[in-house]
Asks: 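One structure follows; several queries about it will come next.
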Amino acid sequence: DTEIANMMATLKSRFVAHAHTPNIRYTQAIVNHGREAGASLSHPHGQLLGLPFVPGEILEEEKAFERFKGGCIVCTTIEAEAETERFVLDNEHATVICPFWSSAPYELLIMPKSHQQHLTDSSDDELTGVGLAIRDALAHLDKTLGDIAFNLVFHTAPSHHTGIYHWHVHLFPKLTTTAGFERGTGVMINIVAPEQAAAELRKAGA
């Protein structure tokens, strides 16, 4: 738990430093594990990239937040999914689900319960809670599927964003290959229903 707390505190400190660095508009934190996920080193590691632009994926998420009329789409998802078959685990500060829009088998969404636009707005306890949820989600995946490759992606509001947003974390296990249909259409095919994936992951946690 202490190592998780230290890791999340370090991540926050780097995000703060990037936010005060000229020409950095967005900070992307990632973990690639396994060759299939693009990892270039065999030992555990993460990467932090300061970008002079806001990536298209984040711009699309910002638009989704703006289009959602019921308040915050992440807060609503946390409340709506708490009792569903897609729920995986939670703690005091975070909830983990297999979202109904999962684009890949066993895809997970880790959501802080506290509504904060930026990762850097979260308290140390809140960040630790999210870190523990990530750790436990990975443990559930490992027990269910073994040591699989995965991508862990942090999404936070751009440094100077003032609109609606709620930072969160995506966990993408690499179990399938993106083929011609997916690349040609942008439509992903998920061969494992999120309800089935969540049930298996909950069983691993039990």
Side-chain angles (χ1 to χ4, degrees), residues 4 8 11-12 15 26-30 54-138 140-141 150-173 186-190 192-205:
I4 291 293
M8 296 301 289
L11 189 64
K12 179 178 180 178
F15 270 70
Y26 186 76
T27 301
Q28 181 64 72
I30 61 172
V54 179
E57 182 75 12
I58 303 302
L59 292 174
E60 286 301 313
E61 284 194 350
E62 287 182 307
K63 291 177 183 177
F65 276 97
E66 291 292 338
R67 288 195 301 266
F68 189 71
K69 301 301 183 182
C72 170
I73 191 170
V74 171
C75 290
T76 301
T77 299
I78 291 171
E79 182 178 356
E81 295 290 301
E83 304 294 334
T84 72
E85 295 176 317
R86 292 175 292 272
F87 173 85
V88 177
L89 64 92
D90 73 351
N91 60 37
E92 182 182 356
H93 297 294
T95 296
V96 182
I97 65 168
C98 291
F100 68 82
W101 62 83
S102 297
S103 61
Y106 299 89
E107 178 181 334
L108 292 167
L109 178 64
I110 299 99
M111 301 171 288
K113 291 182 178 179
S114 175
H115 178 83
Q116 303 290 354
Q117 292 180 335
H118 303 88
L119 179 150
T120 52
D121 295 332
S122 295
S123 68
D124 291 345
D125 287 344
E126 290 166 348
L127 285 172
T128 298
V130 174
L132 294 174
I134 294 170
R135 180 199 64 187
D136 294 344
L138 287 170
H140 286 32
L141 279 173
F150 64 82
N151 299 114
L152 183 70
V153 180
F154 288 78
H155 277 180
T156 184
S159 298
H160 305 294
H161 171 93
T162 56
I164 301 173
Y165 201 84
H166 185 138
W167 79 273
H168 54 278
V169 184
H170 296 278
L171 178 52
F172 301 107
V187 178
M188 307 304 291
I189 297 176
N190 182 3
V192 179
E195 293 81 5
Q196 176 187 337
E200 294 179 23
L201 294 169
R202 285 196 306 273
K203 184 178 179 181

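Computation of the quantities below employed the complete heavy-atom set of this structure, encompassing side-chain atoms and omitting hydrogens, waters and symmetry-equivalent molecules.
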Asks: Give a yes or no answer on whether the side chain of Lys113 reaches the backbone of Glu126 with a donor-acceptor pair at less than 3.5 Å.
Replies: no

Asks: Evaluate the side-chain proximity of Val169 to Leu152: yes if any heavy-atom separation is below 4.5 Å, no if none is.
Replies: yes

Asks: Which heavy-atom pair separates Ile4 from Arg135 by the least distance, and what is that distance?
Replies: CD1-CB, 4.0 Å

Asks: I'd like to check Asn190 versus Met188 (side-chain heavy atoms, cut-off strictly below 4.5 Å). Are they in contact?
Replies: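 The answer is no; the side chains never approach within 4.5 Å.
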
Asks: When rounded to the nearest 0.5 angstrom, what is the spacing between OG1 in Thr120 and CZ in Phe15?
Replies: 8.0 Å

Asks: Surrounding CD of Gln116 (heavy atoms of other residues, nucleotides or ligands, distance under 6.0 Å), is the total greater than 12?
Replies: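 Result for CD/Gln116: enclosed.
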
Asks: Restricting to non-hydrogen atoms, name the atom on Ala133 and the atom on Asn91 that form the minimum distance, rounded to 0.1 Å.
Replies: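 Closest approach of Ala133 to Asn91, heavy atoms only: N-ND2, 3.7 Å.
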
Asks: For atom CD of Glu79, is the number of surrounding heavy atoms from other residues, nucleotides or ligands below 6.0 Å larger than 12?
Replies: no

Asks: Using side-chain contact (heavy atoms from CB on, under 4.5 Å), reason through Phe154 and Ile134 one step at a time and then give a plain yes or no.
Replies: CA-CA 11 Å; Phe154 288 78; Ile134 294 170; 3.9 Å; yes

Asks: For the CG atom of Asp136 and the CG atom of Leu201, what is their distance to the nearest 0.5 Å?
Replies: 12.0 Å

Asks: To the nearest 0.5 angstrom, please state how far the NE2 atom of His115 sits from the SG atom of Cys75.
Replies: 5.5 Å

Asks: Donor-acceptor pair, Glu107 side chain versus Ser103 backbone, under 3.5 Å?
Replies: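 Judged by distance alone, yes, a pair lies under 3.5 Å.
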
Asks: Restricting to non-hydrogen atoms, name the atom on Trp167 and the atom on Pro112 that form the minimum distance, rounded to 0.1 Å.
Replies: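 Nearest pair, atom of Trp167 first, then Pro112: O-CD, 3.1 Å.
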
Asks: Before accepting this row, confirm whether a basic side-chain N of the pair Lys203/Glu200 lies closer than 4.0 Å to the acidic partner's carboxylate O.
Replies: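 Glu200 and Lys203: not salt-bridged.
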
Asks: Rounded to the nearest 0.5 Å, how far does CG of Leu141 lie from CG of Leu108?
Replies: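 One gets 5.0 Å once the value is rounded to the nearest 0.5 Å.
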
Asks: Which atom pair, heavy atoms only, marks the closest approach of Thr156 to His118?
Replies: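 Between these two residues, the closest heavy atoms are OG1-CA, 3.2 Å.
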
Asks: Under 3.5 Å, which donor-acceptor pairs link side chains of residues 92-100 to any protein atom two or more places apart or in another chain?
Replies:
none

Asks: How long is the straight-line distance from CD1 of Ile73 back to CD1 of Ile78, given to the nearest 0.5 Å?
Replies: 11.5 Å

Asks: If only atom types and distance count, is the side chain of Arg86 paired as donor or acceptor with the main-chain N or O of Ala198 below 3.5 Å?
Replies: no

Asks: For the residue pair Val153 and Gln28, establish whether any side-chain heavy-atom pair is separated by less than 4.5 Å.
Replies: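 Result yes, sub-4.5 Å side-chain heavy-atom pair found.
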
Asks: Could you work out, with ring-ring contact (aromatic ring centres under 6.0 Å, His included) as the rule, every residue matching His140, not counting sequence neighbours?
Replies: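 None.
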
Asks: Are any non-hydrogen side-chain atoms of Met8 and Ser122 less than 4.5 angstrom apart?
Replies: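 Answer no - side chains too far apart.
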
Asks: So how far is it from Thr27 OG1 to Leu11 CG, rounded to the nearest 0.5 Å?
Replies: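 Result: 9.5 Å between the selected atoms.
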
Asks: Given Gln117 and His161, is the side-chain hydrogen bond (donor to acceptor under 3.5 Å, both in side chains) satisfied, shown in steps?
Replies: CA-CA 8 Å; Gln117 292 180 335; His161 171 93; 4.5 Å; no

Asks: Closest heavy-atom contact between Leu171 and Phe150?
Replies: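 Result for this residue pair: CD1-CD1, 3.6 Å.
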
Asks: What is the minimum heavy-atom distance between His166 and Ser114, and which atoms define it?
Replies: NE2-O, 3.5 Å

Asks: Using ring-ring contact (aromatic ring centres under 6.0 Å, His included) as the criterion, list what pairs up with His170, not counting sequence neighbours.
Replies: His155, His168, Phe172

Asks: Does any part of the side chain of Leu109, heavy atoms only, come nearer than 4.5 Å to the side chain of Trp101, both counted from C-beta?
Replies: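 Trp101 reaches Leu109 side chain to side chain.
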
Asks: Should Glu66 and Lys63 be marked as a salt bridge (Lys or Arg N to Asp or Glu O under 4.0 Å) after you check the CA-CA gap, both sets of side-chain angles, and the distance that decides it?
Replies: CA-CA 5 Å; Glu66 291 292 338; Lys63 291 177 183 177; over 6 Å; no

Asks: With heavy-atom distances below 4.5 Å as the criterion, would you say the side chains of Leu59 and Tyr26 are in contact?
Replies: no

Asks: Could you check Asn151 against Ile30 for side-chain contact (heavy atoms from CB on, under 4.5 Å), going step by step and ending with a plain yes or no?
Replies: CA-CA 7 Å; Asn151 299 114; Ile30 61 172; over 6 Å; no

